[in-house]
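This report refers to the structure that appears directly beneath it.
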Amino acid sequence: MRLNENILLLGKKVVLVPYTSEHVPRYHEWMKSEELQRLTASEPLTLEEEYSMQQSWREDADKCTFIVMDAEKWQAQPRTTEESCMAGDVNLFLTDPGEPSLGEIEVMIAEPSCRGKGFGTEAVLMMMSYGVTKLGLTKFEAKIGQGNEPSIRMFRKLHFEQVAVSSVFQEVTLRLTVTERERQWLLEQTSHVEEKRYRDGLSESR
């Protein structure tokens, strides 16, 4: 999605930046993990295919992707590469033409050292806030493998409710409708988030 190609979102624990070609090698290494392939229901791609996928996601109007950065590393080490700060990714898919206000959301904290620190929770809240305020979304769905209990628990804490179970795909579907009360709660949870231009934000915040 080109709408977010120059947008940086600065949170307390994580920084969200657009998915660019410089992030692809690290992402490709992550996706060699059989565990991550299983949790994300993904097939391994070649590096060339991963570059093509990154370009496709940048161009497609129905996909919004941010790379999740470890905010402490990102801010504390001015000479480090972005690649070394990468923790995972968070995505919104706007794939239902009949329901344009619905976004399917998914998050992956791929770096083992970054798990269990609340990175996924803040990334999802920031992405939902972006979806509500910039993309006009009023409903979110999350499809999660039945064995991924930590992710299911996280979405439930964010007020999502289970609406379906697929024994075929071995996944559960959770949904959140953004009422006015939910919208206010979401904006309160993300009131600390700063939006900057991507490359400008990189130099200003370091």
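Numbers here simply count residues along the sequence, with the first being 1. All figures in this text were calculated on a predicted structure; none of them were measured in a lab.
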Looking at Lys139 and Glu99, is any side-chain nitrogen of the basic one under 4.0 Å from a carboxylate oxygen of the acidic one?
yes
Is the shortest distance from a Lys or Arg side-chain nitrogen in Glu111 or Arg26 to a carboxylate oxygen in the other one below 4.0 Å?
yes
Between Glu195 and Lys134, does the salt bridge (charged side-chain N to carboxylate O under 4.0 Å, His left out) criterion hold? Intermediate values first, please.
CA-CA 12 Å; Glu195 180 178 320; Lys134 305 297 184 182; 3.7 Å; yes
Is any side-chain heavy atom of [X] closer than 4.5 Å to a side-chain heavy atom of [Y]?
X: Leu47; Y: Val24; value: yes
X: Asp70; Y: Val14; value: no
X: Val132; Y: Arg183; value: yes
X: Tyr130; Y: Leu9; value: yes
X: Leu187; Y: Ser129; value: yes
X: Phe66; Y: Tyr19; value: no
X: Glu59; Y: Gln55; value: yes
X: Gln54; Y: Ser21; value: yes

Give, for atom [atom1] of [X] and atom [atom2] of [Y], the distance between the pair rounded to the nearest 0.5 Å.
X: Glu104; Y: Lys63; atom1: CD; atom2: NZ; value: 11.0 Å
X: Met126; Y: Leu186; atom1: CE; atom2: CG; value: 11.5 Å
X: Tyr198; Y: Glu5; atom1: OH; atom2: CD; value: 11.5 Å
X: Leu102; Y: Thr177; atom1: CG; atom2: OG1; value: 9.0 Å
X: Trp185; Y: Leu158; atom1: CH2; atom2: CG; value: 5.0 Å
X: Met53; Y: Glu50; atom1: CE; atom2: CD; value: 6.5 Å

Please give me the minimum heavy-atom distance between [X] and [Y], naming the atom from each residue.
X: Leu174; Y: Arg156; answer: CD2-CG, 3.8 Å
X: Pro100; Y: Gly98; answer: CD-C, 3.6 Å
X: Ala71; Y: Gly11; answer: CB-O, 4.4 Å
X: Trp30; Y: Ala110; answer: CD2-CB, 3.3 Å
X: Met154; Y: Val124; answer: CE-CG2, 3.8 Å
X: Ala123; Y: Val107; answer: CB-CG2, 4.3 Å

Report the residue from Leu92, Asp62, Thr65, Leu135 that forms a side-chain contact (heavy atoms from CB on, under 4.5 Å) with Met1.
Leu135
Let's go through Gln184 and Glu188 carefully: what are the C-alpha distance in whole Å and the side-chain angles of both, what is the deciding distance for side chain to side chain donor-acceptor pair (under 3.5 Å) to 0.1 Å, and is it a yes or a no?
CA-CA 6 Å; Gln184 289 305 315; Glu188 286 171 11; over 6 Å; no
Within 6.0 angstrom of Glu22 CD, more than 12 heavy atoms from elsewhere:
yes
Please assess Ile109 against Val68 for the test side chain to side chain contact (heavy atoms under 4.5 Å, CB included), listing each intermediate value before the final yes or no.
CA-CA 8 Å; Ile109 301 302; Val68 180; 4.2 Å; yes
Sub-3.5 Å donor-acceptor pair from the side chain of [X] to the main-chain atoms of [Y], do we have one?
X: Ser84; Y: Thr81; answer: yes
X: Thr190; Y: Val193; answer: no
X: Arg175; Y: Ala142; answer: no
X: Glu182; Y: Thr179; answer: no

Could you walk me through whether Lys13 and Glu122 pass the salt bridge (charged side-chain N to carboxylate O under 4.0 Å, His left out) check?
CA-CA 7 Å; Lys13 297 181 178 182; Glu122 186 177 46; over 6 Å; no
Please evaluate residues Leu94 and Leu137 with respect to the criterion side chain to side chain contact (heavy atoms under 4.5 Å, CB included), reporting the C-alpha separation (whole Å), side-chain torsions for both, the decisive distance (0.1 Å), and the verdict.
CA-CA 9 Å; Leu94 317 177; Leu137 301 184; 3.9 Å; yes
Transitive ILVMFWY side-chain link Phe169 to Ile144, under 4.5 Å:
no
Under a single-linkage definition using a 4.5 Å side-chain heavy-atom cutoff for Ile, Leu, Val, Met, Phe, Trp and Tyr, are Leu3 and Phe140 assigned to the same hydrophobic cluster?
yes
Decide side chain to side chain donor-acceptor pair (under 3.5 Å) for Glu82 and His23; before the verdict, give the C-alpha distance in whole Å, the side-chain angles of both, and the deciding distance to 0.1 Å.
CA-CA 8 Å; Glu82 276 200 358; His23 303 132; 2.7 Å; yes
Quick one: do Tyr27 and Asp89 satisfy side chain to side chain donor-acceptor pair (under 3.5 Å)? Show the steps, please.
CA-CA 9 Å; Tyr27 192 91; Asp89 71 339; 3.3 Å; yes
How far apart are the C-alpha atoms of Val165 and Gln146, what are their side-chain angles, what is the distance that settles it, and do they pass the side chain to side chain contact (heavy atoms under 4.5 Å, CB included) test?
CA-CA 8 Å; Val165 178; Gln146 286 178 304; 3.1 Å; yes
Assess the residue pair Phe119 and Val90 against the criterion (side chain to side chain contact (heavy atoms under 4.5 Å, CB included)); give the C-alpha distance rounded to whole Å, side-chain angles, the decisive distance to 0.1 Å, and a yes or no.
CA-CA 11 Å; Phe119 286 16; Val90 62; over 6 Å; no
